[in-house]
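Written out below as C-alpha coordinates is the structure these notes cover.
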Amino acid sequence: DTRGQVFRIDLGDQIDPSAGTAILKNGGSSGYVFADVGCTGGTRTNDCSATLKYDRRKFFYMPTLVQARDTTYSATADYDLIAIESGDREDPLDKLTEALSVDPVHNRIYAFRDYNYQYGAPGSTPTALTESDLYNSTTNELEDPNSAGYAAALTDIKAADGWYVDLKETTLPNWVGEKGLAEITVFSGVLYATTYIPPSGGPVTPGTCPPPAEGSARLYGLNYLSGAGIVDLNNSGSGIDRYVDVGGGIPSGVVIIIREGGTTGLVGTSGGGAFGSGGGGGGGCGGAQGKFCVKNSSGAIPTFWYDD
(Lines give C-alpha, C1' and ligand atoms only; values in the text may rest on other atoms or scores of the structure.)
Protein backbone atom coordinates (compact mmCIF):
# COMPACT_ATOMS: atom_id res chain seq x y z
CA ASP A 1 0.00 0.00 0.00
CA THR A 2 1.05 3.65 0.09
CA ARG A 3 2.59 3.15 3.53
CA GLY A 4 5.16 0.61 2.36
CA GLN A 5 3.27 -2.55 3.33
CA VAL A 6 2.52 -5.74 1.39
CA PHE A 7 -0.54 -7.71 2.46
CA ARG A 8 -1.30 -11.38 1.90
CA ILE A 9 -4.98 -12.32 1.61
CA ASP A 10 -6.12 -15.95 1.57
CA LEU A 11 -9.63 -16.14 0.14
CA GLY A 12 -12.12 -18.72 1.32
CA ASP A 13 -14.42 -20.73 -0.92
CA GLN A 14 -17.47 -18.52 -0.46
CA ILE A 15 -19.02 -15.88 1.77
CA ASP A 16 -22.14 -16.40 3.86
CA PRO A 17 -23.54 -13.16 5.34
CA SER A 18 -26.05 -15.12 7.41
CA ALA A 19 -23.42 -17.24 9.21
CA GLY A 20 -23.00 -17.02 12.96
CA THR A 21 -19.35 -15.90 13.19
CA ALA A 22 -17.16 -13.41 11.34
CA ILE A 23 -14.88 -16.18 10.06
CA LEU A 24 -17.81 -18.11 8.61
CA LYS A 25 -19.35 -14.97 7.16
CA ASN A 26 -16.27 -14.28 5.06
CA GLY A 27 -15.94 -17.90 3.99
CA GLY A 28 -12.79 -18.51 5.97
CA SER A 29 -10.88 -15.68 4.27
CA SER A 30 -8.03 -14.17 6.26
CA GLY A 31 -5.16 -11.77 5.77
CA TYR A 32 -2.12 -10.26 7.39
CA VAL A 33 0.77 -7.85 6.74
CA PHE A 34 3.31 -9.95 4.86
CA ALA A 35 6.04 -7.29 4.61
CA ASP A 36 6.57 -3.76 5.92
CA VAL A 37 9.42 -1.54 4.62
CA GLY A 38 7.86 1.86 5.33
CA CYS A 39 8.08 1.90 9.12
CA THR A 40 11.76 1.64 10.06
CA GLY A 41 11.44 3.58 13.32
CA GLY A 42 8.64 3.53 15.86
CA THR A 43 5.54 1.39 15.33
CA ARG A 44 2.39 1.52 13.27
CA THR A 45 0.41 2.37 16.40
CA ASN A 46 2.36 5.64 16.86
CA ASP A 47 2.45 6.40 13.12
CA CYS A 48 6.09 5.27 12.84
CA SER A 49 7.16 8.38 14.71
CA ALA A 50 10.89 7.59 14.58
CA THR A 51 10.96 6.82 10.84
CA LEU A 52 13.03 9.28 8.83
CA LYS A 53 11.28 11.11 6.00
CA TYR A 54 13.38 9.40 3.34
CA ASP A 55 12.52 5.96 4.73
CA ARG A 56 8.75 6.43 4.29
CA ARG A 57 8.43 4.30 1.17
CA LYS A 58 5.25 3.80 -0.82
CA PHE A 59 3.95 1.13 -3.17
CA PHE A 60 1.57 2.29 -5.90
CA TYR A 61 1.58 -0.82 -8.11
CA MET A 62 0.73 -4.42 -7.42
CA PRO A 63 3.51 -6.96 -6.81
CA THR A 64 4.49 -9.70 -9.22
CA LEU A 65 4.34 -13.27 -7.91
CA VAL A 66 6.58 -16.03 -9.27
CA GLN A 67 6.63 -19.65 -8.17
CA ALA A 68 10.32 -20.34 -7.60
CA ARG A 69 12.44 -23.43 -7.25
CA ASP A 70 15.79 -22.17 -6.04
CA THR A 71 18.52 -24.58 -5.02
CA THR A 72 21.33 -22.00 -5.27
CA TYR A 73 20.40 -18.91 -3.27
CA SER A 74 17.88 -20.27 -0.75
CA ALA A 75 18.20 -22.88 1.98
CA THR A 76 14.62 -23.94 1.18
CA ALA A 77 14.16 -24.58 -2.52
CA ASP A 78 10.44 -23.94 -3.06
CA TYR A 79 8.75 -20.62 -2.36
CA ASP A 80 6.67 -17.84 -3.89
CA LEU A 81 8.75 -14.83 -4.90
CA ILE A 82 6.96 -11.49 -4.40
CA ALA A 83 8.64 -8.72 -6.45
CA ILE A 84 7.75 -5.03 -6.11
CA GLU A 85 9.46 -1.63 -6.32
CA SER A 86 8.80 1.46 -4.22
CA GLY A 87 8.07 4.95 -5.52
CA ASP A 88 5.61 7.78 -5.01
CA ARG A 89 3.48 8.24 -8.13
CA GLU A 90 1.86 11.32 -6.59
CA ASP A 91 5.25 13.03 -6.14
CA PRO A 92 7.52 11.94 -9.02
CA LEU A 93 9.61 15.13 -8.76
CA ASP A 94 10.19 14.79 -4.99
CA LYS A 95 8.64 18.14 -4.14
CA LEU A 96 7.60 16.89 -0.70
CA THR A 97 11.10 15.94 0.47
CA GLU A 98 12.60 18.95 -1.31
CA ALA A 99 10.38 21.28 0.73
CA LEU A 100 11.69 19.61 3.90
CA SER A 101 15.34 19.91 2.77
CA VAL A 102 15.95 16.18 3.20
CA ASP A 103 17.09 13.40 0.88
CA PRO A 104 14.57 12.10 -1.65
CA VAL A 105 12.93 8.87 -0.51
CA HIS A 106 15.37 5.95 -0.56
CA ASN A 107 13.49 3.68 -2.95
CA ARG A 108 14.35 0.07 -3.70
CA ILE A 109 13.52 -2.99 -5.78
CA TYR A 110 12.33 -5.77 -3.46
CA ALA A 111 11.97 -9.52 -3.83
CA PHE A 112 10.38 -11.22 -0.80
CA ARG A 113 10.21 -14.98 -0.30
CA ASP A 114 6.99 -16.52 0.94
CA TYR A 115 7.75 -20.05 2.12
CA ASN A 116 4.10 -20.58 3.09
CA TYR A 117 3.16 -21.22 -0.51
CA GLN A 118 0.83 -24.14 0.13
CA TYR A 119 -2.90 -23.70 -0.41
CA GLY A 120 -4.65 -21.88 2.41
CA ALA A 121 -3.52 -19.57 5.17
CA PRO A 122 -0.54 -20.49 7.39
CA GLY A 123 -1.33 -22.21 10.67
CA SER A 124 -0.12 -19.16 12.58
CA THR A 125 0.33 -15.60 11.37
CA PRO A 126 3.99 -14.94 10.47
CA THR A 127 5.77 -11.78 11.57
CA ALA A 128 5.90 -9.19 8.80
CA LEU A 129 9.16 -9.21 6.85
CA THR A 130 11.32 -6.08 7.09
CA GLU A 131 14.52 -5.00 5.37
CA SER A 132 16.54 -6.64 8.13
CA ASP A 133 15.22 -9.99 6.89
CA LEU A 134 16.48 -9.37 3.34
CA TYR A 135 19.87 -9.60 1.66
CA ASN A 136 21.21 -6.29 0.33
CA SER A 137 22.16 -7.11 -3.25
CA THR A 138 23.08 -3.54 -4.22
CA THR A 139 26.83 -4.21 -4.47
CA ASN A 140 26.23 -7.08 -6.95
CA GLU A 141 28.54 -9.56 -5.21
CA LEU A 142 26.54 -12.52 -6.58
CA GLU A 143 27.06 -11.80 -10.27
CA ASP A 144 30.47 -13.48 -10.55
CA PRO A 145 30.97 -16.83 -8.73
CA ASN A 146 34.74 -16.25 -8.98
CA SER A 147 34.70 -12.90 -7.17
CA ALA A 148 36.26 -12.53 -3.73
CA GLY A 149 32.99 -11.71 -2.00
CA TYR A 150 30.80 -14.35 -3.66
CA ALA A 151 31.06 -17.08 -1.00
CA ALA A 152 30.17 -14.75 1.88
CA ALA A 153 27.33 -13.18 -0.12
CA LEU A 154 25.94 -16.63 -0.96
CA THR A 155 25.90 -17.55 2.71
CA ASP A 156 24.08 -14.31 3.55
CA ILE A 157 21.37 -14.61 0.90
CA LYS A 158 20.70 -18.25 1.80
CA ALA A 159 19.96 -17.13 5.34
CA ALA A 160 17.68 -14.30 4.17
CA ASP A 161 14.01 -14.13 3.22
CA GLY A 162 14.63 -12.35 -0.06
CA TRP A 163 16.72 -9.47 -1.38
CA TYR A 164 16.62 -5.80 -2.34
CA VAL A 165 18.57 -3.38 -4.53
CA ASP A 166 18.96 0.32 -3.71
CA LEU A 167 17.84 2.72 -6.42
CA LYS A 168 20.80 5.06 -6.06
CA GLU A 169 23.84 6.27 -7.95
CA THR A 170 27.38 5.12 -7.22
CA THR A 171 28.61 8.73 -7.11
CA LEU A 172 27.50 11.66 -4.94
CA PRO A 173 24.77 12.63 -4.49
CA ASN A 174 23.79 8.95 -4.28
CA TRP A 175 20.06 9.43 -3.76
CA VAL A 176 18.73 11.41 -6.74
CA GLY A 177 15.05 10.51 -6.44
CA GLU A 178 15.05 7.36 -8.58
CA LYS A 179 11.80 5.50 -8.07
CA GLY A 180 9.73 2.63 -9.44
CA LEU A 181 6.44 3.74 -11.01
CA ALA A 182 5.31 0.56 -12.75
CA GLU A 183 4.72 -3.13 -12.19
CA ILE A 184 7.67 -5.53 -12.35
CA THR A 185 7.88 -8.19 -15.06
CA VAL A 186 9.71 -11.52 -14.66
CA PHE A 187 10.50 -13.50 -17.80
CA SER A 188 12.96 -16.33 -18.49
CA GLY A 189 14.72 -15.88 -15.16
CA VAL A 190 15.16 -12.11 -15.53
CA LEU A 191 13.41 -9.54 -13.35
CA TYR A 192 12.67 -6.44 -15.46
CA ALA A 193 11.98 -3.25 -13.50
CA THR A 194 11.64 0.25 -14.95
CA THR A 195 12.43 3.35 -12.90
CA TYR A 196 12.17 7.11 -13.24
CA ILE A 197 14.87 9.65 -12.37
CA PRO A 198 13.56 13.23 -12.08
CA PRO A 199 15.47 16.10 -13.76
CA SER A 200 18.36 17.52 -11.78
CA GLY A 201 17.04 21.09 -11.88
CA GLY A 202 20.43 22.63 -12.63
CA PRO A 203 21.00 26.33 -13.45
CA VAL A 204 19.53 27.80 -16.66
CA THR A 205 21.53 30.29 -18.75
CA PRO A 206 19.68 33.63 -18.95
CA GLY A 207 18.17 34.29 -22.36
CA THR A 208 18.10 30.62 -23.37
CA CYS A 209 15.28 28.13 -23.53
CA PRO A 210 16.03 25.17 -21.25
CA PRO A 211 15.48 21.64 -22.55
CA PRO A 212 12.30 19.83 -21.49
CA ALA A 213 12.62 18.83 -17.85
CA GLU A 214 11.17 15.36 -18.32
CA GLY A 215 13.68 13.28 -16.39
CA SER A 216 15.00 9.94 -17.59
CA ALA A 217 13.75 6.37 -17.82
CA ARG A 218 15.85 3.39 -16.80
CA LEU A 219 15.39 -0.37 -17.18
CA TYR A 220 16.89 -2.97 -14.84
CA GLY A 221 17.46 -6.60 -15.77
CA LEU A 222 18.31 -8.68 -12.70
CA ASN A 223 18.54 -12.32 -11.72
CA TYR A 224 15.13 -12.77 -10.13
CA LEU A 225 16.51 -15.12 -7.47
CA SER A 226 19.42 -12.95 -6.29
CA GLY A 227 19.20 -9.41 -7.67
CA ALA A 228 22.55 -9.81 -9.43
CA GLY A 229 23.24 -8.86 -13.03
CA ILE A 230 22.45 -11.67 -15.43
CA VAL A 231 22.49 -10.47 -19.08
CA ASP A 232 24.35 -8.07 -21.36
CA LEU A 233 21.35 -5.79 -21.14
CA ASN A 234 22.55 -3.15 -23.61
CA ASN A 235 23.95 -5.83 -25.96
CA SER A 236 27.32 -4.10 -26.12
CA GLY A 237 29.36 -7.28 -25.92
CA SER A 238 31.33 -5.80 -23.03
CA GLY A 239 29.80 -7.80 -20.22
CA ILE A 240 26.76 -7.98 -17.99
CA ASP A 241 24.75 -4.82 -17.28
CA ARG A 242 22.24 -4.38 -14.47
CA TYR A 243 20.48 -1.41 -16.09
CA VAL A 244 20.26 0.63 -19.28
CA ASP A 245 18.73 4.03 -20.04
CA VAL A 246 15.74 3.70 -22.36
CA GLY A 247 14.48 7.27 -22.89
CA GLY A 248 12.85 10.18 -21.12
CA GLY A 249 9.85 10.68 -18.89
CA ILE A 250 8.09 8.17 -16.68
CA PRO A 251 8.36 4.70 -18.27
CA SER A 252 5.78 1.97 -18.35
CA GLY A 253 6.54 -1.52 -17.16
CA VAL A 254 8.03 -4.03 -19.60
CA VAL A 255 5.50 -5.78 -21.84
CA ILE A 256 6.74 -9.13 -23.18
CA ILE A 257 5.55 -10.24 -26.62
CA ILE A 258 6.33 -13.81 -27.70
CA ARG A 259 6.50 -14.19 -31.47
CA GLU A 260 7.33 -17.07 -33.76
CA GLY A 261 10.78 -15.63 -34.43
CA GLY A 262 11.65 -14.74 -30.85
CA THR A 263 10.74 -12.48 -27.98
CA THR A 264 10.29 -8.70 -27.86
CA GLY A 265 10.00 -6.39 -24.86
CA LEU A 266 8.28 -3.00 -25.03
CA VAL A 267 8.64 -0.01 -22.70
CA GLY A 268 6.57 3.13 -23.14
CA THR A 269 8.47 6.44 -22.67
CA SER A 270 7.88 10.09 -23.50
CA GLY A 271 9.65 9.66 -26.84
CA GLY A 272 7.15 7.05 -27.98
CA GLY A 273 8.71 3.97 -26.44
CA ALA A 274 11.69 1.65 -26.50
CA PHE A 275 11.91 -1.94 -27.63
CA GLY A 276 14.30 -4.80 -27.12
CA SER A 277 14.49 -8.22 -28.69
CA GLY A 278 15.88 -11.58 -27.77
CA GLY A 279 19.18 -12.77 -29.16
CA GLY A 280 20.21 -16.11 -30.54
CA GLY A 281 19.45 -19.57 -29.23
CA GLY A 282 20.22 -20.84 -25.78
CA GLY A 283 18.76 -17.82 -24.02
CA GLY A 284 21.64 -15.48 -24.88
CA CYS A 285 21.66 -11.90 -26.13
CA GLY A 286 23.87 -12.22 -29.21
CA GLY A 287 22.09 -10.65 -32.17
CA ALA A 288 19.56 -8.79 -30.04
CA GLN A 289 18.15 -5.60 -31.50
CA GLY A 290 16.78 -2.41 -29.97
CA LYS A 291 17.77 -0.58 -26.81
CA PHE A 292 17.93 -3.64 -24.58
CA CYS A 293 18.14 -7.41 -24.66
CA VAL A 294 15.21 -9.62 -23.73
CA LYS A 295 16.59 -12.98 -22.75
CA ASN A 296 14.94 -15.66 -24.87
CA SER A 297 13.78 -18.73 -23.05
CA SER A 298 16.12 -21.62 -23.73
CA GLY A 299 13.74 -24.37 -22.66
CA ALA A 300 10.16 -23.14 -22.84
CA ILE A 301 7.88 -24.89 -25.35
CA PRO A 302 4.94 -22.79 -26.63
CA THR A 303 1.61 -24.51 -26.06
CA PHE A 304 -1.60 -23.56 -27.82
CA TRP A 305 -5.18 -24.63 -27.17
CA TYR A 306 -8.73 -23.62 -27.87
CA ASP A 307 -12.13 -24.04 -26.23
CA ASP A 308 -15.29 -25.01 -28.07
Side-chain angles (χ1 to χ4, degrees), residues 57 61 64 83-87 92 94 104-111 134-144 147 153 162-200 214-256 263-271 273-279 283-285 288-295:
R57 300 174 190 87
Y61 293 86
T64 295
I84 194 170
E85 54 183 349
S86 64
D94 301 309
V105 175
H106 294 182
N107 290 301
R108 297 180 170 104
I109 299 171
Y110 294 96
L134 308 179
Y135 168 73
N136 184 351
S137 191
T138 306
T139 56
N140 203 23
E141 295 286 355
L142 292 169
E143 180 180 303
D144 182 7
S147 68
W163 55 265
Y164 67 85
V165 170
D166 289 333
L167 296 179
K168 68 177 184 178
E169 301 297 304
T170 57
T171 57
L172 294 174
N174 300 116
W175 300 99
V176 295
E178 186 176 1
K179 54 185 62 68
L181 300 178
E183 192 175 335
I184 286 174
T185 297
V186 177
F187 179 76
S188 192
V190 182
L191 183 151
Y192 295 100
T194 58
T195 63
Y196 173 67
I197 303 174
S200 60
E214 61 181 0
S216 57
R218 181 173 284 180
L219 169 67
Y220 286 80
L222 309 173
N223 184 327
Y224 78 115
L225 299 177
S226 68
I230 190 172
V231 295
D232 180 8
L233 196 61
N234 65 3
N235 194 33
S236 65
S238 60
I240 293 174
D241 312 290
R242 295 179 98 186
Y243 67 82
V244 62
D245 294 326
V246 291
I250 297 176
S252 71
V254 176
V255 177
I256 299 294
T263 306
T264 297
L266 302 177
V267 177
T269 64
S270 64
F275 83 95
S277 71
C285 286
Q289 298 179 345
K291 286 194 173 183
F292 57 93
C293 168
V294 175
K295 185 181 177 185

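Taken from OH in Tyr61 to CG in Leu181, the straight-line distance is 6.0 Å, to the nearest 0.5 Å. The OG atom of Ser137 lies 12.5 Å from the CZ atom of Arg108; values are rounded to the nearest 0.5 Å.
Ring geometry, Trp175 versus His106: the interplanar angle falls under 30°, so the pair is classed parallel (tilted spans 30 to 60°).
Side-chain contact between Asp232 and Asp241 is present, with at least one heavy-atom pair separated by less than 4.5 Å. Counting heavy atoms from C-beta on, the side chains of Leu222 and Arg242 come closer than 4.5 Å. When side chains are defined from C-beta on, Tyr135 counts as touching Leu142, because their heavy atoms get closer than 4.5 Å. Residues Asn174 and Asp166 have side chains not in contact (no heavy-atom distance under 4.5 Å, counting atoms from C-beta outward). Contact check for Leu191 versus Ile109: side-chain heavy atoms found under the 4.5 Å cut-off.
Of all heavy-atom pairs between Tyr196 and Pro251, the closest is CB-CD, 4.0 Å. Smallest separation of non-hydrogen atoms from Pro198 and Gly177: CD-O, 3.4 Å. Scanning all heavy atoms of the two residues, the minimum distance from Ile230 to Asn223 falls at CG2-N, 3.8 Å. Across all non-hydrogen atoms, the minimal contact from Ala182 to Gly253 is CB-N, 3.4 Å. Counting all heavy atoms, side chain and backbone alike, Pro199 lies closest to Glu214 at CD-C, 4.3 Å. The shortest heavy-atom contact between Gly189 and Tyr224 is O-CD2, 3.2 Å.
Results of the side chain to side chain donor-acceptor pair (under 3.5 Å) test with Lys179 over Asp94, Asn107, Thr195 single out Asp94 as the only residue that passes. The ring pair (Phe, Tyr, Trp, His ring centres under 6.0 Å) with Tyr220 is formed by just one residue from the set Tyr192, Tyr243, Phe292; it is Tyr243. Put simply, the residue from Leu233, Asn234, Asn235 that forms a side chain to side chain contact (heavy atoms under 4.5 Å, CB included) with Val231 is Leu233.
With hydrogens and angles ignored, the 3.5 Å screen pairs a side-chain donor or acceptor of Thr194 with a backbone N or O of Ser252.
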Problem set entry | Worked verdict on Phe187 versus Val254 for side chain to side chain contact (heavy atoms under 4.5 Å, CB included) | CA-CA 10 Å; Phe187 179 76; Val254 176; over 6 Å; no

